[in-house]
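Every chain is numbered from 1 and lettered A, B, ... according to where its sequence line falls, protein lines coming before strand lines.
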Amino acid sequence: MRLRIAPSPTGYLHVGTARAALYNWLLARQKGGIFILRIEDTDKVRSKKEYENDIMRHLKWLGLTWDEEYRQSERYELYRKALLQLLSEKKVYISYDEPHVEGDRRPADTRAFRKNAVFEFQTGKQGGVVRFMTPDHEEVVCDDMVRGPIHFNTDDIEDFSIAKGLDEPLYNFVVTVDDIDLGITDVIRGEDHISNTPKQMLLYKALGHTPPRFGHLPLLLATDRSKLSKRKGTTSMKDFVTQGFLPEAMVNYLALLGWHLGASSETGRASAADQEFFTLDELVKVFSMDRVRKSNSVFDMAKLRYFNSHYIKALPLDDLLKRLEPYYEQQPHVAEIAGATNHPLHERFRRAVQVEQSRAELLSDLVTAVASYRDESQPCDPAMLHWKIMTTEETIASLQHSKSLIAGLRGDEELAELQASLLQKAGEYKQGDRGALLWPLRVALSNKEKSPSPFELVWVLGKDESCDRIEGALARLRT
RNA sequence: GGCCCUAUCGUCUAGUGGCUAGGACAUCACCCUCUCACGGUGGAAACACGGGUUCGAAUCCCGUUGGGGUCACCA
């Protein structure tokens, strides 16, 4: 089994391309086949090396490694040979006709070009286009892996162009020549290629080969059910990366968009126990084309984020710390602390990550959250420190009480131990109204209305920094 | 417009002739709780429509409507 992903380097790796790559890769790995990356760079004007690099980088980021690599720009000899062959067999012809009359948007009657057909390029004449001599009244049937047989009538297919001159072969032609040459057995691609399929099947026949199996995947749609475009949201893999998505989440979500394992119970009814979390390795085992859906799917950022937070939570701390590294440039001073294990604030940083881990949906958010644990944060609005209808005197008393409790700590307590002892003290304070003790403490430590619990904050900041912050808050209250 | 694909909660989906139409995300309520998250429990929420076939249709057939793709000397 030989499969391929054939992106054209005219843009950054698109999420739709990534999904097609994933499905091809999964099948190849499952069947012990070969997964090929073929860069379709015959469009010399729009193809850019930058895009090619981006596509490769992000396929790797997803974990989709390839076994063979080709570039169409390096294979022109192959296309030229095939073109000459078809020309000599008069299965294609050269046309110098203009495809469209000026101002006319109707499709041209390309078959009419046949009356001026020639089979050799005229010297000195510009703009000869090679067209396929599409047969009349023939049925072409594509037995699609996801849709079943799709019927086409060749009368609906024009004499499509396959090359500009001898040295500029066009899409349908290069794809076919390459897929034959590379021995591609299965073509899994987007539904937008369905209309190309009969043309390519015709070319297979003309070149004396049997077409591969085709499988056309449903398309990814924006929330308004229109085509997924840059304006409608994130589409390129590199943007998902900078936003802080994990490849595990991306792979998992993409796999589920158009594919489903099916219910595990015999009744056929799904239950909460049904699996929706899959690693790449698990997908290799259970993925199958016959469970691919036929209809298009809307790309839902909210669910992707849900998967992302799930995988962030599941990451071991050291692993998570490593994944965070690319995001430090958004918070330069974090990089300094995180990078040096002997930095005085390094342990605090690690603890901050640990505390924020369960709260973050995106890696970039996590880095931002962690950055607020540094020393030089601004003192807060004293009014925020009051719990319910506490007076300034009561709040001061509360904070002083907290401070004496924290000052009495050994300083190396585990989080659970620390929480238990502080919680007990809070229960004894003010008839068990914990907020009277915990709210001012938490606000004094975080300078925020919303934050992790004061226990976690003390654990992260340490005894000394915690006392300093409480002292700072007290000073503000007294003025 | 021609050709092609497609149609279950807002979204992703389970379901292949008999189900109180199930799950997940999102949403709402409650619980947990000093706040925000996390977590837990519960609720609201769907078979596009019209004809058939059948004892019986979300499931099969036809049509309508909606959505999508494609109609380049791009890929």
Side-chain angles (χ1 to χ4, degrees), chain A residues 6-11 40-43 45-47 72 95 97-100 105-108 127-131 142 144 146-147 150-153 155-158 160-165 168 170-172 174-175 190-198 216 218-219 221 223 225-227 253 256-265 267-277 293-307 309 313 356-361 369 384 387-388 423 426 433-443 446 448-455:
Chain A
S8 75
T10 54
E40 310 227 318
D41 54 355
T42 51
D43 187 333
V45 182
R46 295 196 301 152
S47 295
Q72 289 185 330
S95 166
D97 288 295
E98 286 296 324
H100 287 93
R105 286 202 34 83
R106 287 175 308 172
V129 166
V130 185
R131 290 184 177 278
C142 164
D144 195 278
V146 343
R147 282 151 228 279
I150 305 174
H151 299 256
F152 303 92
N153 190 316
D155 292 339
D156 296 320
I157 302 171
E158 72 274 20
F160 55 96
S161 54
I162 66 168
K164 291 188 274 185
E168 273 187 81
L170 265 13
Y171 172 70
N172 282 118
V174 276
V175 165
E191 186 188 278
D192 50 339
H193 283 290
I194 288 183
S195 59
N196 286 323
T197 306
H216 290 96
L219 262 22
L221 266 33
T223 317
R225 303 210 75 91
S226 69
K227 199 172 175 177
Y253 180 63
L256 248 32
L257 213 49
W259 172 86
H260 193 280
L261 180 60
S264 56
S265 62
T267 59
R269 291 163 74 94
S271 74
D274 275 338
Q275 190 176 359
E276 65 167 354
F277 293 113
R293 294 262 316 172
K294 294 184 181 74
S295 55
N296 296 345
S297 5
V298 172
F299 192 93
D300 182 12
M301 269 298 205
K303 187 138 192 182
L304 210 213
R305 292 172 78 103
Y306 165 76
F307 275 113
S309 70
K313 286 186 192 78
E356 294 292 338
Q357 179 171 17
S358 69
R359 311 164 62 83
E361 278 191 324
M384 208 192 353
W387 170 245
K388 290 182 180 170
L423 210 46
D433 182 6
R434 290 169 168 185
L437 193 73
L438 298 179
W439 173 272
L441 172 59
R442 190 183 57 73
V443 173
S446 67
K448 285 180 191 152
E449 215 163 329
K450 304 168 182 177
S451 82
S453 71
F455 322 115

Q: For B/A14 versus B/G50, give the span between their P atoms, rounded off to a whole number of Å.
A: 25 Å
Identify the pairs formed between an N or O of the protein and an N or O of nucleotides 64-70 of chain B at a distance under 3.5 Å, and give each distance.
from	atom 1	to	atom 2	distance (Å)
B/G68	O2'	A/N296	ND2	2.9
B/U70	O2'	A/S195	OG	3.1

Q: Could you tell me whether the phosphate oxygens of B/A72, OP1 or OP2, come under 4.0 Å of any side-chain nitrogen or oxygen in A/K164?
A: no
Q.
What is the separation between atom CG on A/L256 and atom C1' on B/U11, rounded to the nearest whole Å?
A. 13 Å
Q. A/V129 side chain: which of B/C73, B/C5, B/C34 is closest?
A. B/C73
Q.
Work out how far the C1' atom of B/U64 is from that of B/C25, and round it to whole angstrom.
A. 33 Å
Q. Counting only Watson-Crick or G-U wobble pairs whose two distances fall under 3.5 Å, which nucleotide matches B/C19?
A. none
**Q.** Spacing of A/E356 atom CD relative to B/A37 atom C1', expressed in whole Å
**A.** 9 Å
Q) With both distances under 3.5 angstrom, what nucleotide forms a Watson-Crick or G-U wobble pair with B/G10? A) B/C25
(Q) Please give the distance between the C1' atoms of B/A48 and B/G66 as a whole number of Å. (A) 7 Å
Q.
It should be established whether A/S309 places a side-chain nitrogen or oxygen under 4.0 Å from OP1 or OP2 of nucleotide B/C38.
A. no
Q: For A/E449, report the nucleic acid contact type (base, sugar-phosphate, nothing); a contact means any heavy atom under 4.0 Å.
A: base
Q | Reported CG-to-CG distance for the pair A/L261 and A/L256, which is rounded to 0.5 angstrom | A | 9.0 Å
Q | Among B/A75, B/U6, B/C34, the one nearest A/D43 by side-chain distance | A | B/A75
(Q) Strictly distance-based, threshold 3.5 Å: is any side-chain N or O of A/D144 a donor or acceptor partner for the main-chain N or O of A/I150? (A) no
(Q) If the condition is side chain to side chain donor-acceptor pair (under 3.5 Å), which residues does A/S8 pass it with, not counting sequence neighbours? (A) A/T10
Q | ring-ring contact (aromatic ring centres under 6.0 Å, His included) involving A/F455 - partner list, sequence neighbours excluded | A | none
Q: Quick one: label A/L170 by what it contacts on the DNA or RNA (base, sugar-phosphate, nothing), any heavy atom closer than 4.0 Å.
A: sugar-phosphate
Q | 5'-most by nearest nucleotide on RNA chain B - A/D156 or A/K294 | A | A/D156
Q) Picking from B/C73, B/U11, B/U6, which would you name as closest to the side chain of A/D300? A) B/U11
(Q) Only pairs with both distances under 3.5 Å count, Watson-Crick or wobble alike; so what is the partner of B/A44 in this structure? (A) none
(Q) For A/F299 and A/Y253, I'd like to know if the aromatic rings sit close, meaning centre-to-centre distance below 6.0 Å. (A) yes
**Q.** By side-chain contact (heavy atoms from CB on, under 4.5 Å) - contacts of A/E361 (at least two apart)
**A.** A/R305, A/S309
Q | Paired nucleotide for B/C49 [Watson-Crick or G-U wobble; both distances under 3.5 Å] | A | B/G63
Q: Test for a donor-acceptor pair under 3.5 Å between the base of B/C74 and the side chain of A/R46, counting only N and O atoms.
A: yes
Q: Determine yes or no for a side-chain-to-main-chain donor-acceptor pair under 3.5 angstrom, with A/W439 supplying the side chain and A/M384 the backbone.
A: yes
Q: Could you pull out all residues at least two apart from A/E356 that satisfy side-chain contact (heavy atoms from CB on, under 4.5 Å)?
A: A/R359, A/L366, A/A369, A/V370, A/Y373, A/P452
Q. Excluding sequence neighbours, so at least two apart, what forms ring-ring contact (aromatic ring centres under 6.0 Å, His included) with A/F152?
A. none
Q) Taking the nucleotide of RNA chain B with the closest heavy atom to each, which residue, A/K450 or A/E168, is nearer the 5' end? A) A/K450
(Q) A/N153: which residues meet the side-chain contact (heavy atoms from CB on, under 4.5 Å) condition with it, sequence neighbours left out? (A) A/D155, A/D156
(Q) So A/P452, base contact, sugar-phosphate only, or nothing? Heavy-atom distance under 4.0 Å. (A) base
Q) Quick one: A/Y306 OH to B/G23 P, roughly how many Å, whole number? A) 14 Å
(Q) Can you identify which nucleotide, out of B/A26, B/U6, B/U35, has its nearest atom closest to the A/A302 side chain? (A) B/A26
Q: Could you check how far CG of A/D144 sits from C1' of B/U6, rounded to whole Å?
A: 13 Å
Q: Quick one: list whatever passes ring-ring contact (aromatic ring centres under 6.0 Å, His included) with A/H193, sequence neighbours left out.
A: A/Y171
(Q) Please give the distance between the P atoms of B/G68 and B/C12 as a whole number of Å. (A) 13 Å
(Q) Once you apply a heavy-atom cut-off of 4.0 Å, does A/H216 come out as touching a base, just sugar-phosphate, or nothing? (A) nothing
Q: Using the C1' atom on both, measure B/U20 against B/C47 and round to a whole Å.
A: 15 Å
Q: Would you mind reading off the distance between A/L304 atom CG and B/A26 atom P, rounded to a whole angstrom?
A: 12 Å
Q.
Heavy atoms only, 4.0 Å cut-off, all strands: where does A/T10 land among base, sugar-phosphate and nothing?
A. nothing
Q: Give none if B/A72 has no partner; otherwise give the nucleotide forming a Watson-Crick or G-U wobble pair with it, both distances under 3.5 Å.
A: none
Q) Whom does B/G39 pair with, Watson-Crick or G-U wobble, provided both distances fall under 3.5 Å? A) B/C31
Q: Could you give the distance separating B/U33 and B/U8 at their C1' atoms, to the nearest angstrom?
A: 39 Å
Q: Ignoring hydrogens and angles, tell me if any N or O in the side chain of A/R442 forms a donor-acceptor pair with the backbone of A/E449 under 3.5 Å.
A: yes
**Q.** Rounded distance (Å) that lies between atom P of B/C74 and atom CD1 of A/I162
**A.** 13 Å
Q: Can you tell me, in whole Å, how much space there is between the C1' of B/A57 and that of B/C61?
A: 12 Å
Q. Taking only residues two or more places apart in sequence or in another chain, which ones pass salt bridge (Lys or Arg N to Asp or Glu O under 4.0 Å) with A/K164?
A. A/E168
Write down the protein N/O and nucleotide N/O pairs, taken from nucleotides 41-45 of chain B, whose separation is under 3.5 Å; answer none if there are no such pairs.
none

Q.
Over all strands shown, is A/T42 touching base, sugar-phosphate only, or nothing at heavy-atom distances under 4.0 angstrom?
A. sugar-phosphate
List every contact pair, protein side and nucleotides 14-16 of chain B side both N or O, where the distance is under 3.5 Å.
from	atom 1	to	atom 2	distance (Å)
B/A14	OP2	A/R293	NH1	2.7
B/A14	O2'	A/G268	O	2.8
B/G15	OP1	A/R291	NH1	3.2
B/G15	OP1	A/R291	NH2	3.3
B/G15	OP2	A/R291	NH2	3.4

Q) What interatomic distance, in whole Å, is found between C1' of B/C4 and the corresponding atom of B/G43? A) 43 Å
Q.
Would you compute the distance between atom OG1 of A/T42 and atom CG of A/L170 and round it to the nearest 0.5 angstrom?
A. 7.0 Å
Q. Among all residues two or more places apart in sequence or in another chain, which pass the side-chain contact (heavy atoms from CB on, under 4.5 Å) test with A/E191?
A. A/R147, A/I194, A/L219, A/N296
Q) Could you state the CZ-C1' distance from A/F455 to B/U35, rounded to the nearest angstrom? A) 12 Å
Q | Atom pair distance, as rounded to whole Å: CZ in A/R442 and P in B/A37 | A | 12 Å
